[in-house]
Number of protein chains: 2
Amino acid sequence: MSAQEENVLPMGMFMDLQRSGPIPLYFQVSQRIEKAILSGELPAGSRLENEVALGQRLGLSRPTVRRAIQEIVDKGLLVRRRGIGTQVVHGQVTRKVELTSLYDDLTNTHKVPSTHLLTLETQGADAKTAERLGVQEDSPTLHIRRVRLADDVPVAVMENWLPAEFIGIEPNELVAHGLYQVLRSRGVTMRVARQHIGARKSTADESALLEIEKNSALLTMDRTAFDNSGRAVEFGQHCYRPDLYSFEVTLVEK
Amino acid sequence: MSAQEENVLPMGMFMDLQRSGPIPLYFQVSQRIEKAILSGELPAGSRLENEVALGQRLGLSRPTVRRAIQEIVDKGLLVRRRGIGTQVVHGQVTRKVELTSLYDDLTNTHKVPSTHLLTLETQGADAKTAERLGVQEDSPTLHIRRVRLADDVPVAVMENWLPAEFIGIEPNELVAHGLYQVLRSRGVTMRVARQHIGARKSTADESALLEIEKNSALLTMDRTAFDNSGRAVEFGQHCYRPDLYSFEVTLVEK
DNA sequence: TTTGGCTAGTTGTCATGACATTATCAGGTC
DNA sequence: GACCTGATAATGTCATGACAACTAGCCAAA
């Protein structure tokens, strides 16, 4: 017998769906399944009930069930095989990285984030910033430089440039909230972000800010974020203490 | 007038679809649109023809067109807005990172990859390896250690552990091809990979192998890869010269 | 024993139709 | 001129139906 016995779990959940509410049905289903996987109710390697049966039992059409399952496949928690079925991926499950800021990351891991605001000024865009933000060179941008701390220990030095429309942002906003929270409260919804992750040695300035030795190894991340109209709303160059922070990425082959 | 004039481009492509072939229709459409974006035929900020019209012109149903567009949205090249339409994201487009190996990355960027094989042995799994691969501790695994070079310059030191079924892999395979190519040729299809990206200082050994100074900054990546049945097929701990390699990640908010 | 084919089960693809939700814009009213 | 209102247009959601492609397992034949 193969080592991967595959229990067909019928997912005996009654799942009271609210059909009139604003929450899509496929989302309600996918949330419920994801929760079942993360809680261990659906163990690694177990098979999911097939799409048609699941749809019948829930009173949903197959496309809706399919979409719910697809959501979780995209998260890397489920694997589909034609002719076979859908299985839970092996390996301990860990929550994936979303389009969030470091501030959100820290609150999610039950650390207390805080911010030291080093710089908040209007600055003409240099060539690189102009290209990343898609604005004219020398046009005004908001330049921010911050140190992010978790439980009063410095974790990252973050430098951002924002388009002119955000120049009114106040220092106390940035101290009390993450940059992404501030942008969201101004009606901006981030949709796409392109990141480059690398490493280099720390400068004397960075070493002092992060309270580490000179010429330590730093984890760096450059990011350009776009809102739902496709326009660049933020360009940032950040560096992290590698002993306190790392990136987690889940890749799924189509 | 706003700076983002939005030309409605009707995508005047005739797109001869092959309906009988094995290639899905939605895939043919999405490939064509992506190519149009990357080639500049659909410039940044331009609007796409709406779904129903596009479907009618191509003789396709709306779900098929929708799926084609969704593929490109997931890649971060398009942005949809309800009530508005679908637009090309601003910013220079760069190809995203797929589920590939460093070997594939290098060939895609027209560098000549080569490999120095340092270690190829059978080894009992330690606690960490056993957990990552989902096998018993002390069970046999294939242990590989390699240096990857691009144009004869060392780029990375790569250490991998594979389950027992791959113990037959020959040294010449690993020198001539990337590990993922070898696995694919053995019928393994990778589906999901979980990666952790960090940084640290180099050891004396690594410094010599990568031809860099001692205590340089290194970019590190740990990865566990799963095949289409959800079983772990590879666990690796790699480190890269940060002046020659970095990671690119595109995040898309759902 | 081995090989081959058949069958049942499951996901993959595609079409058609309908209604809901949201943003824009023009026009009328105060 | 400012504000409300409706029409218009586009994507978001969901149902139903059908066929294709792939896999595993059973069974019969060589």
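We name chains A, B, ... by the order of the sequence lines, and we start the count at 1 in each one. Only a predicted model underlies this, so the values are computations on that prediction, with no experimental measurement involved.
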Q | From D:dC22, D:dT13, C:dC14, nucleotide with atom closest to A:Arg82 side chain | A | D:dC22
Q. For B:Gly55, which contact category applies under a 4.0 Å heavy-atom criterion: base, sugar-phosphate, or nothing?
A. nothing
Q) Does D:dA10 have OP1 or OP2 sitting under 4.0 Å from an N or O in the side chain of B:Arg81? A) no
Q: Write down the distance between CG (B:Leu60) and C1' (C:dG17), rounded to a whole number of angstrom.
A: 17 Å
Q: Look at all strands and tell whether B:Pro63 reaches a base, only sugar-phosphate, or nothing, counting heavy atoms closer than 4.0 Å.
A: base
Q | Of A:Gly83 and B:Gly85, the one whose closest DNA chain D nucleotide lies more 5' | A | B:Gly85
(Q) Under the salt bridge (Lys or Arg N to Asp or Glu O under 4.0 Å) test against A:Glu51, which residue among A:Arg67, A:Arg62, A:Arg57 passes? (A) A:Arg62
Q) In a check of side-chain contact (heavy atoms from CB on, under 4.5 Å) between A:Leu48 and each of A:Ile72, A:Ile69, A:Ile37, which one passes? A) A:Ile69
Q.
Tell me whether the side-chain N/O atoms of A:Thr64 come closer than 4.0 Å to OP1 or OP2 in D:dT13.
A. no
(Q) Please report the distance, rounded to the nearest Å, between CG in B:Leu54 and C1' in D:dT11. (A) 14 Å
Q: Scan side-chain atoms only and decide if A:Tyr180 and A:Glu234 contain a donor-acceptor pair under the 3.5 Å cut-off.
A: yes
Q) Are B:Glu248 and A:Arg194 close enough, and set up right, to give a salt bridge (Lys or Arg N to Asp or Glu O under 4.0 Å), and what steps lead you there? A) CA-CA 7 Å; B:Glu248 184 185 336; A:Arg194 302 221 177 90; 5.9 Å; no
(Q) OP1 or OP2 of C:dT13 versus the side-chain N and O atoms of B:Tyr26: is any pair under 4.0 Å? (A) yes
Q: Return no unless some side-chain N or O of A:Arg80 is found under 4.0 Å from OP1 or OP2 of D:dA21.
A: no
Q) For the pair made of CZ in A:Arg47 and C1' in D:dA24, what is the distance, rounded to whole Å? A) 10 Å
(Q) Using whole Å, what does the distance between atom P of nucleotide C:dT11 and atom CG of B:Asn228 come to? (A) 14 Å
Q. Over how many whole Å does the gap from A:Arg19 atom CZ to C:dC19 atom P extend?
A. 16 Å
Q: Determine: side-chain N/O of B:Thr86 to OP1/OP2 of D:dA10, distance under 4.0 Å, yes or no.
A: no
Q. Taking for each residue the nucleotide of DNA chain C with the nearest heavy atom, is it A:Gln70 or A:Pro22 whose nucleotide lies nearer the 5' end?
A. A:Gln70
Q) Would a 4.5 Å heavy-atom cut-off, applied to side chains only, mark B:Gln87 and B:Leu78 as touching? A) no
(Q) Within the 4.0 Å heavy-atom criterion, would you say B:Arg62 contacts the bases, only the backbone, or no part of the nucleic acid? (A) base
Q: Round to a whole Å and report the spacing from CD1 of B:Ile23 to P of C:dT13.
A: 13 Å
Q. Where do A:Ser139 and A:Val135 come nearest, in terms of heavy atoms and distance?
A. OG-CG2, 3.4 Å
Q) Where the side chain of B:Ser61 is defined as all heavy atoms beyond and including C-beta, which of C:dA15, C:dG12, D:dA15 is the nearest nucleotide? A) C:dA15
Q.
Can you measure B:Asn50 atom CG to D:dT8 atom P for me and round it to whole angstrom units?
A. 16 Å
Q) Between B:Arg191 (CZ) and C:dG12 (C1'), how many Å, whole number? A) 12 Å
Q) Between C:dT10 and A:Arg66, is there an OP1 or OP2 to side-chain N/O distance shorter than 4.0 Å? A) no
